[in-house]
Amino acid sequence: DQQVKQNSPSLSVQEGRISILNCDYTNSMFDYFLWYKKYPAEGPTFLISISSIKDKNEDGRFTVFLNKSAKHLSLHIVPSQPGDSAVYFCAAKGYYGGATNKLIFGTGTLLAVQP
Amino acid sequence: NAGVTQTPKFQVLKTGQSMTLQCAQDMNHNSMYWYRQDPGMGLRLIYYSASEGTTDKGEVPNGYNVSRLNKREFSLRLESAAPSQTSVYFCASSDRRPLKDEQFFGPGTRLTVL
């Protein structure tokens with residue numbers, strides 16, 4: 001049962017245009033969402049997050065939008081740059097009986113930004 | 001600060017062999033995690049340690065054991081490796097702070113079981 005879904009395995013965008021990566025979740029108890037970026041042969045690195053009490057969070061070229069009623073979040077990258085080419089993972093914070101901040105990850109979307 | 005370090009970077013095992021993956025963090029984080037990443041599956045939590053002295057199962061714990069040696073180190077052991085354990089393994093650490101719940105990942109260990 002995939003609680004966090006990224007239905008697009010890949011996305012190709014021209015340099016300078018907007019990249020929109022999507023993520024859907026099923027558990028309404030999730031209260032914090034994160035995006036991670038992963039280059040080949042490296043570990044994931046944190047990119048941006050959003051609390052469930054907000055619907056938007058911006059950090060430079062990156063904006064995350066949260067639509068709680070639709071259980072959907074999206075990551076917008078504007079303008080896209082070739083260095084943004086990576087796999088992007090969506091993650092949601094879930095609890096399993098009083099544990100720490102365990103994350104549930106989506107399957108990832110490979111973004112390719114064409115020069 | 002090195003952040004989260006993992007050894008080894010690569011390993012090839014034969015079915016039935018055992019090995020331990022090492023992880024250390026220098027950020028004074030309380031919590032540490034082991035994930036595996038497989039194609040089309042994202043990152044799945046194997047085991048985690050909320051604090052020194054405690055460990056708990058994650059989503060896919062079968063075939064693995066862990067040890068939280070001290071606050072810095074968290075190891076993952078495969079007692080009898082199987083081809084299904086071929087994967088990339090990531091260690092992560094975190095410390096809960098208000099509105100800052102991100103985990104920090106190591107570079108990964110690529111394991112192949114023949």
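Each chain gets a letter, A, B and so on, in the order the sequences are listed, and its residues count up from 1.
The contact between A:A41 and chain B is made entirely by backbone atoms, counting heavy-atom distances below 4.5 Å. Only the side chain of B:Q37 comes within contact range of chain A, judged by heavy atoms closer than 4.5 Å.
Grouping the Ile, Leu, Val, Met, Phe, Trp and Tyr side chains by contacts below 4.5 angstrom, directly or via other members, places B:W34 apart from B:L45. There is no path of hydrophobic side-chain contacts, each under 4.5 Å, that joins A:L103 to B:L76. Residues A:V64 and A:L47 share a hydrophobic cluster, clusters being chains of Ile/Leu/Val/Met/Phe/Trp/Tyr side chains in contact below 4.5 Å. B:V66 and B:V60 fall within a single hydrophobic cluster, where Ile, Leu, Val, Met, Phe, Trp and Tyr side chains are chained together by heavy-atom contacts under 4.5 Å.
Most heavy-atom pairs under 4.5 Å with chain A: of the set B:M41, B:Q6, B:K9, this distinction falls to B:M41.
Remark: B:R72 CZ is packed, more than 12 non-hydrogen atoms of other residues, nucleotides or ligands lying under 6.0 Å away. Within 6.0 Å of the CZ atom in A:R17, the count of heavy atoms belonging to other residues, nucleotides or ligands does not exceed 12.
For A:Y36 (side chain) and B:Q103 (main-chain N/O), a donor-acceptor pair under 3.5 Å exists by modelled atom type.
The CD atom of A:E42 sits 9.5 Å away from the CZ atom of B:F90 when rounded to the nearest 0.5 Å. Here the straight-line distance linking atom CD of B:E102 with atom OG1 of A:T45 works out to 11.0 Å at 0.5 Å rounding.
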Requested in this report: Carefully, step by step, assess B:Y35 and A:F105 under the rule ring-ring contact (aromatic ring centres under 6.0 Å, His included).
Outcome: CA-CA 10 Å; B:Y35 291 90; A:F105 284 84; 5.5 Å; yes
Report task. Go through B:L43 and A:F89 one step at a time and tell me if the side-chain contact (heavy atoms from CB on, under 4.5 Å) criterion holds. Result -> CA-CA 9 Å; B:L43 289 100; A:F89 290 101; 3.9 Å; yes
